[in-house]
Amino acid sequence: MVITAATVFGQNLRLEPLNPEEKALWKREMDCLLSVCDYIVEFTPKSHNLRNGAAVEIMESRQRSDIYINLPALRKLDAMLIEILDSFQDREFWYAEQGSMSANSTRMGSFRRVVQRNDEKWWVPVPCVPSSGLTEKARKHLRHKRECANQIHKAAMSINNSVLSEMEIPDSYMASLPKSGRASIGDPIYRYMYTTEKFSPEYLLDCLNIASEHEALELADPVEASMYTWRRKACMIHLKSSWSMVKDLMSDVDRSDKNHILAERAESLLFSLKQRYPELSQTSLDTCKIQYNRDVGQAILESYSRVLEGLAFNIVAWIEDVFFVDSTTRNQD
């Protein structure tokens with residue numbers, strides 16, 4: 001699925017409709033890949049009336065509940081993203097490859113300006129707008145589509161997080177956990193988590209003064225590892241015990257136990273970190289889950305939602321590029 005997405009959308013770095021061949025390829029490949037989900041079923045009880053009027057309970061099969069709920073939602077988000085790209089059939093802006101047009105280029109008989117950008121994405125085509133900037137109608141259309149893509153991005157990310165949370169934690173990850181949660185997160189963070197009476201993850205994050213998402217990810221990995229280290233200790237489980245055993249025993253844990261309290265605080269810190277940095281990359285645990293996951297249904301839902309999340313994020317970024325060029329052009333005038 002990811003390979004198909006890279007084939008269809010990998011070269012599509014502009015706000016424009018997919019060509020008919022790419023759109024047909026995407027639909028055909030998705031129909032084929034997602035058809036597997038029709039055979040991932042579970043049995044549910046259903047009341048059935050016999051001819052003599054007697055009511056009996058029978059078992060009928062339907063798509064597994066996670067697929068039954070999430071797959072139609074993802075297909076709807078998919079269609080909405082394609083619709084957003086299709087809405088840019090007629091547009092007031094166009095694209096020029098970086099450096100391919102001079103500042104005095106002319107197109108369709110009117111003076112246009114290309115705004116040069118000094119950023120890391122040197123391969124992305126540069127949007128071009130009329131010398132007077134975009135009309136208010138065009139800007140309104142862009143704002144509306146940006147908001148739609150933002151909402152789609154949030155929905156896809158929510159589904160992806162939900163699927164990842166349901167995946168089994170591999171034994172290899174549990175075996176690789178540090179013996180000490182304190183050593184994993186470091187003394188300053190540990191002391192605050194352990195000694196404070198009323199723990200505030202937001203206050204702790206403010207004190208840490210995280211400057212980038214890269215630094216946030218560097219914090220997320222050890223916090224997540226320490227959380228499971230403390231949970232394992234709270235359950236008094238051996239080093240190589242599986243996560244399913246840990247989950248089964250969590251209900252029997254003494255809530256006043258030091259390790260349980262630290263695990264709860266680490267979980268709240270990780271949650272606040274992800275809330276503050278919603279674009280945070282997948283943690284080491286998420287990557288490990290995806291790598292060792294054996295559930296085909298979960299693999300389909302995770303990869304599909306991740307592809308849609310990435311496309312929605314790109315559309316928002318492309319719209320922001322157009323707004324940047326429009327603003328710069330109007331300010332220059």
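We count residues from 1, following the sequence as given.
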| said: Below 30° counts as parallel, above 60° as perpendicular, anything between as tilted: where do the rings of Tyr203 and Tyr192 land? | reply: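 Ring orientation of Tyr203 relative to Tyr192: tilted.
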| Geometric class of the Tyr228/Tyr173 ring pair [parallel <30°, tilted 30-60°, perpendicular >60°] |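 Because their plane-to-plane angle is over 60°, the rings of Tyr173 and Tyr228 count as perpendicular.
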| query | Please, which pairs that meet side chain to side chain donor-acceptor pair (under 3.5 Å) have at least one residue in residues 45-56, sequence neighbours excluded? | reply |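 Listed once each, the pairs would be none.
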Contact between [X] and [Y] at the side-chain level, heavy atoms closer than 4.5 Å - yes or no?
X: Ile84; Y: Ile152; result: yes
X: Gln63; Y: Ile40; result: no
X: Asn161; Y: Lys274; result: no

| message | Does atom CZ (Phe199) have a neighbourhood of more than 12 heavy atoms from anything else shown, all under 6.0 Å? | response |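 Yes - once you tally the heavy atoms of other residues, nucleotides and ligands closer than 6.0 Å, there are more than 12.
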Set of salt bridge (charged side-chain N to carboxylate O under 4.0 Å, His left out) partners for [X], sequence neighbours left out:
X: Lys76; answer: none
X: Arg276; answer: Glu202, Asp206
X: Lys154; answer: none
X: Glu309; answer: none

Side chain to side chain contact (heavy atoms under 4.5 Å, CB included) involving [X] - partner list, sequence neighbours excluded:
X: Val322; result: Leu15, Phe93, Tyr95, Pro127, Leu134, Leu142
X: Thr287; result: Gln282
X: Phe271; result: Gln275
X: Ser172; result: Pro170, Cys288, Tyr292

Taking [X] first and then [Y], would you say they form a salt bridge - that is, a charged N and a carboxylate O separated by under 4.0 Å?
X: Glu302; Y: Arg306; value: yes
X: Glu267; Y: Arg231; value: yes
X: Glu168; Y: Lys289; value: no

| task | Please test Tyr304 against Asn160 for side-chain hydrogen bond (donor to acceptor under 3.5 Å, both in side chains), starting from the C-alpha separation and ending with a verdict. | result | CA-CA 9 Å; Tyr304 195 14; Asn160 187 265; over 6 Å; no
| task | Sorted by first residue and then second, give each ring pair (Phe, Tyr, Trp, His ring centres under 6.0 Å) pair with at least one member in residues 127-165; sequence neighbours left out. | result |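 For residues 127-165: Phe88-His141, His153-Phe313.
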| said: Is there a side-chain contact (heavy atoms from CB on, under 4.5 Å) between Glu264 and Ile261? Walk through the geometry before answering. | reply: CA-CA 5 Å; Glu264 291 290 301; Ile261 294 173; 5.8 Å; no
| query | Step by step, would you call Asn150 with Glu147 a side-chain hydrogen bond (donor to acceptor under 3.5 Å, both in side chains)? | reply | CA-CA 5 Å; Asn150 257 322; Glu147 179 59 26; 4.7 Å; no
| request: Take Asp321 and Arg14 through the salt bridge (Lys or Arg N to Asp or Glu O under 4.0 Å) test and state the conclusion after the steps. | output: CA-CA 10 Å; Asp321 281 347; Arg14 311 166 185 230; over 6 Å; no
| request: Output the rest of the hydrophobic cluster of Phe43: all Ile, Leu, Val, Met, Phe, Trp and Tyr residues reachable through side-chain heavy-atom contacts under 4.5 Å, sorted by chain and number. | output: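 Traced through the cluster, Phe43 reaches Met59.
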Would you mind writing out the side-chain donor-acceptor pairs for residues 29-37 within the sub-3.5 Å range, not counting sequence neighbours?
unit_1: Asp31; atom_1: OD1; unit_2: Arg75; atom_2: NH2; d: 2.9
unit_1: Asp31; atom_1: OD2; unit_2: Lys27; atom_2: NZ; d: 3.1
unit_1: Ser35; atom_1: OG; unit_2: Cys32; atom_2: O; d: 2.6

